[in-house]
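A short worksheet on the structure shown next.
Here is how names work: the chains are called A, B, and so on, in the same order as the sequence lines, proteins then strands, and each is numbered from 1.
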2 protein chains.
Amino acid sequence: MSISERVLPVLPDPRLDLPAPDVAAAVAAAALLGDPTRAGILALLAGGPHCVCEMAAALGERQNNVSNHLARLRDAGLVRASRHRADARWVFYERDEAACAAVARSLEGLLR
Amino acid sequence: MSISERVLPVLPDPRLDLPAPDVAAAVAAAALLGDPTRAGILALLAGGPHCVCEMAAALGERQNNVSNHLARLRDAGLVRASRHRADARWVFYERDEAACAAVARSLEGLLR
DNA sequence: CCGATACATCAGTGAGCGTTGAGACACTTC
DNA sequence: GAAGTGTCTCAACGCTCACTGATGTATCGG
């Protein structure tokens, strides 16, 4: 349960000049996923496109709230919106798989 | 730029009975990584064990603040602590690679 | 044109969380 | 023992952010 002595100095000599790692991108990505509603949206969209009212019903959230979070995900480029051809009142969302993969790589870079 | 019509119904028929996806674990993990200090700690520990004062200096944060975030990471099982043998005042932290891998898989499950 | 529907936007509010400061704890050295 | 060092804990403050309610936009049906 203790850290191997091979990687620790015999006497402590703290290095106070370590460079600060750049984690801004990963933190922004994690903050996006750190909300239940946004994570639920992405999970739902993994199964294909959905309109706003479907996601709101599935998540038990109000439409305007879901719409707010969709705007956040849109600004981050994780989802795309397009109106239905037959009835353009309905806005369907789908994931941008390339952007999601980039986010996954960014987060994996923190934990790898 | 529009969603393929093949996956959309000709007429909108919203499914209001979709099950809510279970994202609790992934959300908790993402919330942990969504803080710059905690993410910086994990990034620093990717290079091997470090004591608290080293990480505080590298991140430009105070020791008690870093200690607070380390407690969060400890409670989540992502890091382990052990005291230095020669001088037990120094507490060195290292990552629990198995737990980090589990978190990575959990997050990847959201984006895959 | 008018009402209804689906969604978007925005100011205001409240709760959660990160930071701070003070103090306590553990350990070493003299 | 006392003083010094590294770390930990915790109440209190402050600020960010998610939720709410109201309103606005776009579209369809009659």
Side-chain angles (χ1 to χ4, degrees), chain A residues 2-3 8-16 23 27-28 30-41 45 49-76 79-94, chain B residues 3 8-16 23 27-28 30-41 49-76 79-94:
Chain A
S2 71
I3 300 177
L8 289 184
V10 177
L11 289 178
D13 61 337
R15 294 189 51 191
L16 301 181
V23 293
V27 166
L32 269 180
L33 303 185
D35 177 81
T37 302
R38 284 194 294 269
I41 288 171
L45 293 182
H50 287 290
C51 64
V52 180
C53 65
E54 279 178 335
M55 295 187 279
L59 300 173
E61 297 288 336
R62 306 195 175 183
Q63 283 195 0
N64 60 350
N65 194 20
V66 172
S67 204
N68 272 326
H69 288 292
L70 281 168
R72 301 275 306 269
L73 294 173
R74 238 186 310 147
D75 292 343
V79 302
R80 279 190 302 265
S82 65
R83 293 185 176 270
H84 195 280
R85 289 187 182 175
D87 189 337
R89 286 175 297 184
W90 302 72
V91 177
F92 279 75
Y93 281 86
E94 66 177 346
Chain B
I3 300 176
L8 287 185
V10 177
L11 289 177
D13 60 335
R15 295 189 51 190
L16 302 181
V23 292
V27 165
L32 269 181
L33 303 185
D35 177 81
T37 303
R38 285 194 295 270
I41 288 172
H50 289 289
C51 64
V52 180
C53 66
E54 279 178 334
M55 295 187 279
L59 299 173
E61 297 287 337
R62 309 194 173 182
Q63 284 195 1
N64 59 350
N65 194 19
V66 172
S67 203
N68 272 327
H69 289 292
L70 281 168
R72 301 276 304 270
L73 294 172
R74 239 185 310 145
D75 292 342
V79 303
R80 279 190 301 264
S82 66
R83 292 186 177 270
H84 195 280
R85 290 187 182 174
D87 189 337
R89 287 175 297 185
W90 268 267
V91 177
F92 279 75
Y93 283 85
E94 66 177 345

Rounded to the nearest Å, what distance is computed from the [atom1] atom of residue [X] to the [atom2] atom of nucleotide [N]?
X       : N      : atom1 : atom2 : value
A:Arg85 : D:dC28 : CZ    : C1'   : 18 Å
A:Glu61 : D:dA18 : CD    : C1'   : 10 Å
A:His50 : C:dC7  : NE2   : C1'   : 17 Å
A:Asp87 : C:dT5  : CG    : P     : 12 Å
A:Arg74 : C:dA8  : CZ    : C1'   : 8 Å
B:Met55 : D:dG6  : CE    : C1'   : 12 Å
B:Leu16 : C:dT5  : CG    : C1'   : 13 Å
A:Gln63 : D:dT25 : CD    : P     : 19 Å

Restricting to non-hydrogen atoms, name the atom on [X] and the atom on [Y] that form the minimum distance, rounded to 0.1 Å.
X       : Y       : answer
B:Cys53 : A:Pro14 : SG-CB, 3.7 Å
B:Leu59 : B:Gly40 : CD2-CA, 3.9 Å
A:Asp13 : B:Glu54 : O-OE2, 4.2 Å

Quick one: is [N] close enough that its OP1 or OP2 comes under 4.0 Å of any side-chain N or O from [X]?
X       : N      : result
A:Arg83 : C:dA6  : no
A:Asn65 : D:dC19 : yes
A:His84 : D:dT27 : no
A:Tyr93 : C:dA8  : yes
A:Arg38 : D:dA18 : yes
A:Arg62 : C:dC7  : no

For the ring-ring contact (aromatic ring centres under 6.0 Å, His included) test, which of B:Tyr93, B:Phe92, B:Trp90 pairs with B:His84?
B:Phe92
Nucleotide of [options] approaching [X] most closely (side-chain heavy atoms):
X       : options              : answer
A:Asn68 : D:dT7, D:dT27, C:dT9 : C:dT9
A:Ala71 : C:dT9, C:dT19, C:dA6 : C:dT9
B:Ser67 : D:dT7, C:dG18, C:dA8 : D:dT7
A:Arg89 : C:dT9, D:dC28, D:dT7 : D:dC28

Would you say A:Arg38's side chain and A:Ala31's backbone share a donor-acceptor pair under 3.5 angstrom?
yes
Using a 4.0 Å heavy-atom cut-off across all strands, classify B:Asn64 as base, sugar-phosphate, or nothing.
base
